[in-house]
Amino acid sequence: MSKKPSKSLAQELDRYITPFRYDGSGKFHLKDYKTNEKGDLDKEKALEILDANKKRMIEFQEKLYAQDRWSVLIVLQAMDAGGKDSAIKAIFEGINPQGCEVHAFKAPSTKELDHDFLWRHAIALPERGHIGIFNRSHYEECLVTRVHPEILAKQKLPQRLVTKNIWKERFEDISAFERHLSRNGTVVLKFFLNLSKEEQRERFLERLEEPAKQWKFSMDDIKERALWPRYQAVYQDIVRHTATSHAPWYVVPADHKWFARVVIGSAIVAALEKLDLRFPRADKASVAEFDEVRKALEREGKGGRKPAK
């Protein structure tokens, strides 16, 4: 009896990926995406999947690094307390730091303001064979800057360029930037951790109540919370205008951190699997040379010489 073909990882994990993926096809409304989705999982099962994904990612990352052809850019966006930091820690535990970099983008420096808005992100891109994680990203330049117009005024743009079309133009520039990356071997994976306002409130309270977490809290967080409807509207606009087949958005339910990590990890693992990563194979000349070296080392061992301590 013939065996059924085994499922690929992408097929196995699809139920945790496709429902949250938007590639620009059809209409997009943020309110259609639940923040408290659990995918019929409980926390125990989710942790099993997370652990399995970590092991898979470690194997894929080793091949990615050795093959030195592809690179992976992971973009994480969220409201304050959305769980980006903890997701990075949980999902990438065990990854070789030699092939993975995290960049957290804060307010731009004077030097960065002397360049275009994509410059500081472009110079932080992962090189071939590496995974790069943007904890906040180039999307802040049409998110926070849009919610707070006074920030745009500090970006030294010629006044004639600051028109009512500037956000549409930035969406176009970002989409072109990401298309360029994908055409040159960078896989772009973008995650919006979709948190409810109530869950954010609970997490702020937790930070205030636990001394070990108080350092994460800022009064600015409360000021930004008051602008919640505006941020939600802008995030919806961002996803609508910059989701593409080569750089889709994953709108991740973030009220349950353990499920958010399942979605993010599954999407990354499935994308890595599709690259058909392999360790480079030595050419015939090198194999023959290796064989001679192996024989020489074996003869040395037979000579009874003990290695120096």
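In what follows, residues are counted from 1 in the order of the sequence shown. Heavy-atom basis, side chains included; hydrogens, waters and symmetry copies ignored.
Salt-bridge check for D51 with K55: passed, with a basic side-chain N closer than 4.0 Å to an acidic carboxylate O. Classification of E199 and R203 as a salt-bridged pair holds, one side-chain N sitting under 4.0 Å from a carboxylate O.
Considering all non-hydrogen atoms of both residues, I264 and A87 come closest at CD1-CB, 4.4 Å. Considering all non-hydrogen atoms of both residues, A254 and G82 come closest at CB-O, 4.0 Å. The two residues L113 and P108 have their closest heavy-atom pair at CD2-CG, 3.7 Å. Residues R136 and F105 approach most closely at O-CD1, 3.3 Å, considering heavy atoms. Nearest heavy-atom pair across K111 and W119 is CE-CH2, 4.0 Å.
Annotation for R281: atom CZ does not count as buried by contact number, only 12 or fewer foreign heavy atoms lying within 6.0 Å. Residue-environment remark: CD (E62) stays at or below the threshold of 12 foreign heavy atoms within 6.0 Å. More than 12 heavy atoms of other residues, nucleotides or ligands shown are found within 6.0 angstrom of CD on E150. Heavy atoms of other residues, nucleotides or ligands lying less than 6.0 angstrom from NZ of K197 number more than 12. Surrounding CZ of R230 are more than 12 heavy atoms belonging to other residues, nucleotides or ligands, all under 6.0 Å away.
The closest side-chain heavy-atom distance from D173 to F117 is below 4.5 Å. Residues I74 and V188 form no side-chain contact, since every pair of their non-hydrogen atoms from C-beta on lies 4.5 Å or further apart. Side-chain atoms of I166 and L152, non-hydrogen and from C-beta on, do get closer than 4.5 Å to each other. Residues L125 and F134 meet the side-chain proximity criterion, which asks for heavy atoms closer than 4.5 Å. Here the side chains of R225 and F204 are in contact, with some heavy-atom distance below 4.5 Å. A heavy-atom distance below 4.5 Å is found between the side chains of C142 and I174. Looking at heavy atoms from C-beta onward, R207 lies in side-chain contact with D221 at the 4.5 angstrom threshold. In this structure, the side chains of F192 and L30 come closer than 4.5 Å at one or more pairs of heavy atoms.
For W249 and Y235, the distance between ring centers is not under 6.0 angstrom. In summary, the aromatic rings of Y33 and F28 are positioned with their centroids under 6.0 Å apart.
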Check your understanding: Between F92 and I133, is a side chain to side chain contact (heavy atoms under 4.5 Å, CB included) present by the stated rule, with each step listed?
Key -> CA-CA 10 Å; F92 293 93; I133 303 168; 3.6 Å; yes
Check your understanding: After noting the C-alpha distance and the side-chain angles of H138 and R120, does the key distance pass the side-chain hydrogen bond (donor to acceptor under 3.5 Å, both in side chains) rule?
Key -> CA-CA 9 Å; H138 42 291; R120 66 173 179 159; over 6 Å; no
Check your understanding: Would Q236 and Q232 count as a side chain to side chain contact (heavy atoms under 4.5 Å, CB included) if you check the C-alpha gap in whole Å, the side-chain angles of each, and the deciding distance to 0.1 Å?
Key -> CA-CA 6 Å; Q236 177 172 268; Q232 295 297 293; over 6 Å; no
**Study point:** Pair E93-K89, salt bridge (Lys or Arg N to Asp or Glu O under 4.0 Å): steps then yes or no
**Key:** CA-CA 6 Å; E93 182 184 12; K89 182 178 179 181; over 6 Å; no
Check your understanding: Between Q77 and S137, does a side chain to side chain contact (heavy atoms under 4.5 Å, CB included) hold up when you go through it step by step?
Key -> CA-CA 7 Å; Q77 288 286 154; S137 68; 2.7 Å; yes
Exercise for review: Using the salt bridge (Lys or Arg N to Asp or Glu O under 4.0 Å) rule, take K45 and E48 through it: C-alpha gap first, then chi angles, then the decisive distance, then the call.
Suggested key: CA-CA 5 Å; K45 179 60 179 177; E48 290 178 7; 3.7 Å; yes
Check your understanding: Would Y16 and L41 satisfy side chain to side chain contact (heavy atoms under 4.5 Å, CB included), going step by step from the backbone distance to the final call?
Key -> CA-CA 10 Å; Y16 311 121; L41 292 177; 3.4 Å; yes
Exercise for review: Could you walk me through whether F20 and Y250 pass the ring-ring contact (aromatic ring centres under 6.0 Å, His included) test, one step at a time?
Suggested key: CA-CA 5 Å; F20 314 107; Y250 295 88; 9.0 Å; no
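I91 and V75 are members of different hydrophobic clusters when ILVMFWY side chains are connected at heavy-atom separations under 4.5 Å. Hydrophobic clustering, with ILVMFWY side chains joined whenever heavy atoms are under 4.5 angstrom apart, keeps Y139 apart from F191. The cluster map of Ile, Leu, Val, Met, Phe, Trp and Tyr, joined by side-chain heavy atoms under 4.5 Å apart, puts F171 and Y22 in the same cluster. L189 and Y65 are members of different hydrophobic clusters when ILVMFWY side chains are connected at heavy-atom separations under 4.5 Å. Under the 4.5 Å side-chain heavy-atom criterion for Ile, Leu, Val, Met, Phe, Trp and Tyr, L76 and V251 are members of distinct hydrophobic clusters.
A donor and an acceptor atom, one from each side chain of T145 and R170, are nowhere located under 3.5 Å apart. Inspection of the S245 and D23 side chains reveals no N or O donor paired with an N or O acceptor under 3.5 Å. Residues R278 and Q67 have side chains that never bring a donor and an acceptor to within less than 3.5 angstrom of each other. Between the side chains of E224 and H148, at least one donor N or O sits under 3.5 Å from an acceptor N or O. Using modelled atom types and a 3.5 Å distance limit, the side chains of H246 and E178 yield no donor-acceptor pair. In this model, a donor atom of one side chain and an acceptor atom of the other lie less than 3.5 Å apart for D255 and T35. Side-chain atoms of N53 and S266 form a donor-acceptor pair, as typed in the model, at a separation below 3.5 Å. When only modelled atom types and interatomic distance are considered, S71 and T186 share a side-chain donor-acceptor pair under 3.5 Å.
For the atom pair E273 CD and Q11 CD, the distance stands at 8.0 Å (nearest 0.5 Å). Atom NE2 of H115 and atom NZ of K156 lie 10.0 Å apart (nearest 0.5 Å). Considering NZ of K63 and CG of L277, their distance stands at 7.5 Å, rounded to 0.5 Å. The line from CD1 of I17 to CG of L13 is 5.0 Å long, rounded to the nearest 0.5 Å. Within the model, atoms NZ of K34 and CG of N194 stand 12.5 Å from one another, a figure rounded to the nearest 0.5 Å. To the nearest 0.5 Å, atom NZ of residue K54 and atom CZ of residue R261 are 9.5 Å apart.
Side-chain atoms of N184 come within 3.5 Å of backbone N or O of H180 as a donor-acceptor pair. With hydrogens and angles disregarded, a donor-acceptor distance shorter than 3.5 Å links the side chain of Q200 to the backbone of D80. Looking at R128, its side chain never comes within 3.5 Å of a backbone N or O of W70 through a donor-acceptor pair. Judged by distance alone, with hydrogens and angles left aside, the side-chain atoms of S182 form a donor-acceptor pair with the main-chain N or O of R179 at under 3.5 Å. When atom types are taken as modelled, the side chain of R201 and the backbone of S196 share no donor-acceptor pair closer than 3.5 angstrom. For K190 (side chain) and T242 (main-chain N/O), a donor-acceptor pair under 3.5 Å exists by modelled atom type. Side-chain atoms of S175 never come within 3.5 Å of backbone atoms of E172 as a donor-acceptor pair (strictly under, hydrogens ignored). Between the N165 side chain and the K168 main chain, no donor and acceptor come within less than 3.5 Å of each other.
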